[in-house]
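Heads up: the structure comes next, in structure tokens.
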Amino acid sequence: MPFHALVDGASPGVQVPLHLTRIPINLISTSSDLANALVKGKVVRKGPLVSVAPNDFILKAVIQEDSQPHISTQIPAINIVVFGELARDFSQCVSPGDVVMASGFTVSKSPTASKDKLHHFNLLLSEKDANIYCFCQNPSIYPRSAVARKDSCTVSAQIVNRTKAPRYTYTPLGDLKAGSVVNVYGVVVFFKQPFKSHGTDFCSSLKITDKSNHSIGCTIFCEKLEEHPKIFQNGDIVRMHRVKVQLFNNTITLVNTFGFSVVTFDGKPSGSVEPRTSSRTVHFDEEDRRRVEELQTWISSQNILLPLTNSVSLSAVQPKAYFDLTCQLLAKAPVDSTCSLLRVWDGTRCPNTFLKVDVDPNDVEGPTTFSREKESFIANVLVYDNHSEFAKQLKPGAFLRIYNLRAIPVTSKECSVTGSQSEEVEHIVFHLHGGTSYGRGIRVLPENSPDVQMLKRAIAFLTEDVGNCASELNDSELLEVWSTPPESLDDEAVECSTSKKCSSTAEGSCRLQLQRVTLSELKQSPPGQAYHVRAQLRSYEPSKLHQALKLFCSKCSSIQEIPDDERVASIFSEACKNSEDCSLPPWALSGSIKLPLPPSGAPQRTLRVHLSTQLKAEGKANELLFITGTTLEETCRLATGYKNIVPVTSSKSGLVLMDLSAPFLFRGPRRFYGCKQCSEATVRELPSRGDKLLDEKIIAEALGVQLLQFVLLMKLQLQDATDTLDVFLWKHAEVFLGVSAEDVAISQRAQNCVHETLESLCPTEGTLGLRPWLDLTLMSYRGEGEEGQMQTYYQICSSPSQDPDLQSQDA
DNA sequence: GGTTAGGGTTCG
């Protein structure tokens, strides 16, 4: 049913008001109190929509009591008459067989009772006073909209009143006929950011494909930028409504037409399907979710065929190459009338030294200088023409993706340290040439995008305080993880091994140039430094990827294992057993809900839930549910449909969270854990957040839980002609493997991606000689070993940049 | 009710 409906543009999550009381159809009469009455029935007949005036309609239908399926005859049924726009919405949204609820109705004597043998009264539903809710017979279809009611009745509801939610059909890209106007779904294989056309509008150009394997060019003209598709990378999914099919040069193309709308989705499955749109009235239902997930699955099966992303981290940039860069803007400055300088970073270090670009310090937005260490992580990007114009609106701190950057090598004369001779030095600078060829452009990424989350973690790892981490290095749990303290890079720790050169343009300041060393040389070098090595991957562990996934506490710096399901299940069953009656906190409302999708044959379970009065008052009752008395399996099943589920148990003192070895929060397939040592968990009402979406951080903070972060931890053995070396992959694991740890925790595709990366670097079959050579930046640091003695450890702090010239060299 | 663009690197 197409009811992911919005009422007057408000947010979804509509619920049947709790003060309504259901009235059986056979008890309806003129003497009944109808003010708070709710009637529920299955639509057994639906008449045509009759237009009586412009925007005024009448529709008749028959609903039948739906609660007595075992009685085959004499089921109470009643005529309903719907008026106005509500009638039109009902006509569009409700089909025979659907179950509806209605309130705010009046009754009148049925003139046809003797003929149709139905109820002696009719229900009259006017647009002004009545509400109709569509009730879904299978709660699994709309579990998100289920709400608890005080009378323990379960409803899955979405409001129909004033819903403008027609059913959409989508044309496969292989079936497009010139001249028609269609709705389509597609996977982006090429796109340009919107650019100013010579007419009145901005123009977006994109190419999409689907299972039919047709590749269709689309041109979108819209005056407002926010109406354009929000495409971040190839592989994103777009859904467009009302596009015209045209022939241009004998090729089918799509152009937007009157009533056009577009929504985009991440092409990577991440557990939740979030429509990207600035429209407040997006229509998005279960069918859409299914289509998006189907395309995501298809994309993952087409990985090899689709030229997806060209994203590269700074550490992997190859001179002369074109690439996309996801980064944070630190500072910017105009260079001249057609060119601006952007200073950006992504948490990794480019092996090449950047050309210093001279700008007037008074023109710089953001810091004019950085510490020497920080400077070595910052890239200089020159953007020209239209991009220089666009850059005027960028603010330092923003997260950007820059498309089709080019790494330009620049040779310049510099004086050596002694200052007497000049020598040729190769620098690098990134150019974003003018124009939009190859999708050249800049996009500001929203804070909540998975790529920005990953970027933030990489940057946070780079800048976090090492003292914080070092003080806890003896933690026994930490030492169990390969007996080593993973270290972080920070300004103190990075004392780079440099071949020091004085830039002739800089004020005598020294620039960092990482020297490449062999593994054997590295072992002889002093710790506490960054080194550049070229090596092959000889082996890695753990071989079972799920063992690489850990939980990390940023407060006490402990690394913890993810508890297995057996352990978590036992915590749930213990909590059930030990549960006692308790008085509810004053802010909590209590109710019950039925579990969706009971396993075949099992009776449907009703669960006791508590929800926040405040959230309910804000119309966000479904955003956070506290549940009691469930098994792990039931909790997971329930979590597929609700935003946030917090399992609790009742004790004499009131509601309490479960043992923190179990996840404290479930959302879809995601589970969130808290640190046992650092949490002071209490079940309490969440402070009002206004319009801010409840996320795990807000919930954890409110409950006094120190949120644990998913991290990946691996041990790699590197080899070159001189030696082998064990190194850890931790703080840069996400950048190195190109996935987020959180996705690895829930997505098979992310896991496959890691597996493929490792397999490509270290194939199970084949000789070592055939393995790619990797350019890597390593940090060395001192830490306490298993026996308490100090020893040197190494950690990878770059992504694997493969050296094509060395592919076939034998070690 | 549909002009604009209709992908295809590189001055800097």
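The sequence lines fix the lettering, A, B, ..., with proteins before strands; numbering per chain opens at 1.
- Ion pairing between A:R343 and A:E375 holds under the 4.0 Å rule for side-chain N and carboxylate O.
- Between A:Y403 and A:F191, the ring planes lie perpendicular to each other; the angle is over 60°, past the 30° to 60° tilted range.
- Distance A:F221 CZ to B:dT4 C1': 4 Å, rounded to the nearest Å.
- Electrostatic pairing of A:D236 and A:R276 counts as a salt bridge here, judged by a charged N lying under 4.0 Å from a carboxylate O.
- For B:dG7, the base adopts the anti conformation, since its glycosidic angle falls more than 90 degrees from zero.
- Taking a cutoff of 4.0 Å between a charged side-chain nitrogen and a carboxylate oxygen, A:R401 and A:D451 qualify as a salt bridge.
- When rounded to the nearest whole Å, the span between CD of A:E227 and P of B:dT4 equals 20 Å.
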| Per-nucleotide protein contact string for nucleotides 7-12 of chain B, where B marks a base within reach and S marks sugar-phosphate only (heavy atoms under 4.0 Å, - for neither) | BBBB-B

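- The listed nucleotides are B:dT4, B:dG1, B:dA5; the one nearest the side chain of A:C203 is B:dA5.
- A gap of 14 Å separates the P atoms of B:dG6 and B:dT10, to the nearest Å.
- At whole-Å resolution of the value, CD1 in A:I252 and C1' in B:dG6 are 14 Å apart.
- By the ring-ring contact (aromatic ring centres under 6.0 Å, His included) test, A:F221 is found to be paired with no residue, residues two or more places apart in sequence or in another chain being considered.
- When rounded to the nearest whole Å, the span between CZ of A:F202 and P of B:dT3 equals 20 Å.
- The distance between atom NZ of A:K244 and atom P of B:dA5, rounded to the nearest whole Å, is 16 Å.
- We find that A:E293 and A:R290 are not joined by a salt bridge, their nearest charged nitrogen and carboxylate oxygen being 4.0 Å or further apart.
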